[in-house]
Asker: 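Below are the structure tokens for one structure; questions will follow.
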Amino acid sequence: MPSRSLSYRNNSLSLGCVVVTLIGSSMGCRSSWLPRPAFAKSSHPALPTSELAGTSEVIVPPAADTPPTIRLTAFADDDSQPSAVQSLDNPSQVDGAVEPTTSEPTPTVPGLDAPETLGDALRRASDAELLPPAAAVEPDTSSPLQFDQVISSVRLAYPTIREYMARRDEASGMVVSALGNFDDVLQGHSMNQPLGFYETYRQGIGLRQPLWTGGSVFTGYRIGRGTFEPWYGERETNDGGEFKLGLDFPLLQGNAIDRRRTDLRTARIRSAQTEPELYREWLSVQASAAFAYGSWVAAGLNVTVQEELLALAKERITQINLQIQTGDVPGLTRIDNERLIASREIILIAARRQFGEAAVRLSMFVRDAAGQPVLPAPGQVPSQFPEPSESPADPADMIARALAARPELRVLQFDAGIARAELDQAINQLLPELNVAVAAGQDVGAAASSKRDKGDLEFEAGFYGEVPLQRRMARGKVDSLRAKLRQIDAKVQLTSDNIATEVQRILVTRQAAQEQIEQARRNLDLATQTLEAGKIALLQGEFTLPILNIYEQAVADARAALITATAEFFIADTLLQVATGDGVAPPAM
């Protein structure tokens with residue numbers, strides 16, 4: 001018997017589910033998805049242009065059947081564009097970040113309206129740092145298992161959610177590591193020559209502080225005593241030692257941007273990128289949980305249908321035996337009813353097997369306090385599916401919402417932001433390295449020699465630099481990063497097209513499932529009326545038992561068809577929430 005199926009796929013995700021409860025057919029659910037997770041608003045504004053590889057624009061055409069597009073303007077292929085190098089003259093900021101502090105920064109997603117990110121909301125649900133399974137709520141096997149309970153269990157204990165939470169902490173650690181490039185460096189030395197014609201003793205200590213605008217400033221103190229070689233006279237200091245202050249500053253390469261600031265910039269972008277990645281996984285798990293839950297409920301309800309159908313055949317055994325004894329029906333009727341019982345027993349065994357398999361799949365999303373999968377009890381099957389959400393709005397509006405909220409596009413925007421930061425650095429590498437260095441020193445204390453040549457303030461300044469003549473390393477890096485930005489631009493276009501197609505396809509599936517539910521209810525009503533009339537006719541001797549069996553089977557098939565259509569509608573309705581980026585919010589904790 002043919003089965004109805006619901007699929008949901010694009011280049012980054014593939015979801016397929018078959019929910020069939022008709023007699024003799026199979027029920028199964030498969031899921032394979034790579035999209036996002038979190039409690040967020042239905043729309044996420046785009047990142048600031050400072051974090052992107054260009055600008056993004058959502059274009060919604062007037063025709064509802066034409067999918068909108070998102071265009072991400074990549075960096076122009078013009079070496080002369082000054083906008084390629086972001087000015088960072090303000091020493092208190094690096095790519096919009098505050099000066100480094102000793103405390104670990106909390107990365108957030110730029111542009112989010114909500115003050116609390118997904119990771120914060122998930123972390124708030126648990127007292128421990130990495131959401132240990134002990135925070136999960138023990139499942140209640142005495143009452144029907146509702147879908148929001150499944151989602152709550154996923155939020156608290158599902159392994160991949162905890163994995164992506166750890167990834168966020170890992171990225172936060174990389175930000176702290178990148179901030180280490182701006183740590184103050186304490187330096188010191190002790191150089192002693194106690195044996196030989198020249199006995200010298202030199203000690204020194206200094207502090208070098210990297211600047212947010214490039215280069216560094218340094219200060220220090222040294223003292224040199226003993227008998228120095230004439231050619232090393234500068235190593236000697238007055239009795240009080242020498243204090244020194246200096247500055248090393250890049251004028252071209254390393255001025256607007258350098259490796260340290262690029263590493264910090266990319267680390268902060270990567271840290272912020274973990275939020276939409278976490279949201280993507282959250283939606284992915286919700287979609288898989290919806291498939292598993294819908295299949296489990298449908299399989300459990302189908303077992304009830306088959307059990308009731310078998311019970312009807314068993315209830316007639318006594319009546320048939322009496323009729324055979326009175327001669328109202330032939331003895332063959334008993335054999336025919338026993339054959340019918342055996343046939344329905346086989347179908348019931350298959351339905352229970354399908355129900356058991358569905359329960360095992362669902363157990364991946366229902367976990368106990370230790371984080372271990374919990375097999376739902378047969379008595380936990382609800383009598384009906386959850387109430388559907390409100391009817392969807394205009395398809396064009398739904399597509400626009402999806403394009404604004406789906407995490408795949410935001411992840412690509414962060415990828416573009418990282419590529420733009422590296423491109424700025426590569427273009428800066430095309431410039432010659434030219435630095436200016438200035439230093440001032442002052443000896444204090446009694447004169448070290450009769451020359452008294454150490455007492456005056458000393459000041460020195462100079463330039464130094466270098467440049468590879470071909471500059472092939474920097475040019476190749478620029479060409480590579482510009483090509484990468486064009487790739488991201490193409491991915492954004494394809495992803496936006498896929499999202500629009502997914503929303504339209506799910507809307508069609510949802511509408512079809514809704515129409516199937518209406519027709520299945522009508523079919524069930526007619527089949528029930530026919531069966532009742534058949535029972536009366538059988539008592540009056542107008543019908544035979546085989547015909548009544550056909551009517552009973554028709555009612556069971558109608559009930560199974562209604563269950564299947566309802567399951568398909570539930571899954572499609574949940575997938576629509578996932579496709580538009582809203583997701584299924586778990587109950588408040």
Side-chain angles (χ1 to χ4, degrees), residues 88-89 91-92 94 99-102 176-264 428-429 431-469 473:
L88 295 173
D89 295 333
S92 66
V94 174
E99 289 188 12
T101 61
T102 56
V176 177
S177 178
L179 286 169
N181 292 325
F182 296 90
D183 288 348
D184 298 334
V185 180
L186 182 64
Q187 302 169 325
H189 69 272
S190 177
M191 305 293 294
N192 303 296
Q193 186 177 329
L195 298 177
F197 184 80
Y198 297 100
E199 294 184 10
T200 61
Y201 302 91
R202 294 180 290 139
Q203 323 297 329
I205 188 171
L207 181 68
R208 178 175 293 273
Q209 182 182 44
L211 299 176
W212 288 86
T213 53
S216 61
V217 61
F218 60 90
T219 183
Y221 170 80
R222 71 181 182 90
I223 185 170
R225 294 181 178 180
T227 303
F228 287 87
E229 298 88 334
W231 51 89
Y232 285 144
E234 74 280 357
R235 295 180 177 179
E236 186 178 21
T237 67
N238 286 344
D239 290 348
E242 178 191 29
F243 292 92
K244 200 162 191 176
L245 177 66
L247 172 68
D248 187 347
F249 189 76
L251 299 178
L252 296 176
Q253 185 182 125
N255 182 282
I257 192 70
D258 59 13
R259 187 72 261 170
R260 296 174 303 174
R261 284 172 282 177
T262 299
D263 289 344
L264 178 58
N428 186 261
Q429 292 295 110
L431 300 174
E433 181 181 351
L434 180 62
N435 287 31
V436 58
V438 296
Q442 177 66 62
D443 280 63
V444 296
S449 67
S450 58
K451 297 180 183 179
R452 308 184 69 85
D453 57 352
K454 300 290 185 180
D456 296 336
L457 175 67
E458 296 179 353
F459 179 81
E460 58 181 343
F463 296 91
Y464 65 92
E466 65 180 28
V467 58
L469 297 181
M473 181 178 294

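Both backbone and side-chain heavy atoms feed into the values below; hydrogens, waters and symmetry mates do not.
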Asker: Testing the basics here: between Tyr221 and Gly241, what is the closest heavy-atom pair and its distance to 0.1 Å?
Answerer: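 Smallest heavy-atom distance, with atoms named: OH-CA, 3.6 Å.
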Asker: As an exercise, state the distance from OG1 of Thr213 to CG of Asn255, rounded to the nearest 0.5 Å.
Answerer: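 With rounding to 0.5 Å, OG1 (Thr213) is 7.5 Å from CG (Asn255).
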Asker: Taking all non-hydrogen atoms of both residues, which atom of Tyr198 and which atom of Gln193 are closest, and how far apart?
Answerer: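 The pair with the smallest heavy-atom distance is O-NE2, 3.0 Å.
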Asker: Restricting to non-hydrogen atoms, name the atom on Pro210 and the atom on Arg260 that form the minimum distance, rounded to 0.1 Å.
Answerer: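 Taking Pro210 first and Arg260 second, the nearest heavy atoms are CB-NH1, 2.7 Å.
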Asker: Arg202: what forms a salt bridge (Lys or Arg N to Asp or Glu O under 4.0 Å) with it, not counting sequence neighbours?
Answerer: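 Listed in chain order: nothing, the list is empty.
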Asker: For a quick test of reading the model, state the closest non-hydrogen atom pair linking Thr200 to Glu229 and the distance between them.
Answerer: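 The answer is CG2-OE1, 4.4 Å.
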Asker: Taking C-beta and beyond as the side chain, do Phe459 and Val438 meet within less than 4.5 Å on heavy atoms?
Answerer: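 In short, these two side chains touch, coming nearer than 4.5 Å.
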Asker: Looking at side-chain heavy atoms only, is the closest gap between Phe228 and Glu234 below 4.5 Å?
Answerer: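 No, their side chains stay 4.5 Å or more apart.
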Asker: Working to the nearest 0.5 Å, report the span between CG of Asp263 and CG of Leu179.
Answerer: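 Reported value, rounded in 0.5 Å steps: 11.0 Å.
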Asker: For the backbone of Gly214 and the side chain of Asp258, can you confirm whether one donor and one acceptor N or O come within less than 3.5 Å of each other?
Answerer: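 Side chain of Asp258 to backbone of Gly214, a donor-acceptor pair under 3.5 Å: no, none is there.
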Asker: Going by heavy atoms in the side chains, are Leu434 and Val467 under 4.5 Å from each other?
Answerer: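 SC-SC contact between Leu434 and Val467 ruled out.
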Asker: Is the closest side-chain heavy-atom distance between Ser190 and Tyr201 below 4.5 Å?
Answerer: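 The answer is no; the side chains never approach within 4.5 Å.
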Asker: If we ignore angles and hydrogens, is there a donor and acceptor under 3.5 Å between the side chains of Glu199 and Thr227?
Answerer: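 Their side chains do not contain a donor-acceptor pair, so the 3.5 Å distance test is not met.
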Asker: To the nearest 0.5 Å, tell me how far Thr237 OG1 sits from Asp443 CG.
Answerer: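 Atom-to-atom, Thr237:OG1 and Asp443:CG are 5.5 Å apart.
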Asker: When rounded to the nearest 0.5 angstrom, what distance separates CZ in Arg261 from CG in Leu211?
Answerer: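 It is 9.5 Å, given to the nearest 0.5 Å.
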Asker: Heavy-atom count check: over 12 atoms from other residues, nucleotides or ligands less than 6.0 Å from Asp184 CG?
Answerer: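 Above 12, so yes.
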Asker: Are the side chains of Leu264 and Asn181 in contact, using a 4.5 Å heavy-atom criterion?
Answerer: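 Not touching, per the 4.5 Å side-chain cut-off.
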Asker: Nearest heavy-atom pair of Arg208 and Ser216: which atoms, and what distance?
Answerer: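 Smallest interatomic distance, heavy atoms only, reads NH1-OG, 2.7 Å.
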Asker: Show me the donor-acceptor pairs within less than 3.5 Å that the side chains of residues 242-254 make with the rest of the protein, sequence neighbours left out.
Answerer:
unit_1 : atom_1 : unit_2 : atom_2 : d
Glu242 : OE1    : Arg222 : NE     : 2.6
Glu242 : OE1    : Arg222 : NH2    : 2.9
Asp248 : OD1    : Asn435 : ND2    : 3.4
Asp248 : OD1    : Tyr464 : OH     : 2.9
Asp248 : OD2    : Tyr464 : OH     : 2.6
Gln253 : NE2    : Gln429 : O      : 3.4
Gln253 : NE2    : Leu431 : O      : 2.7

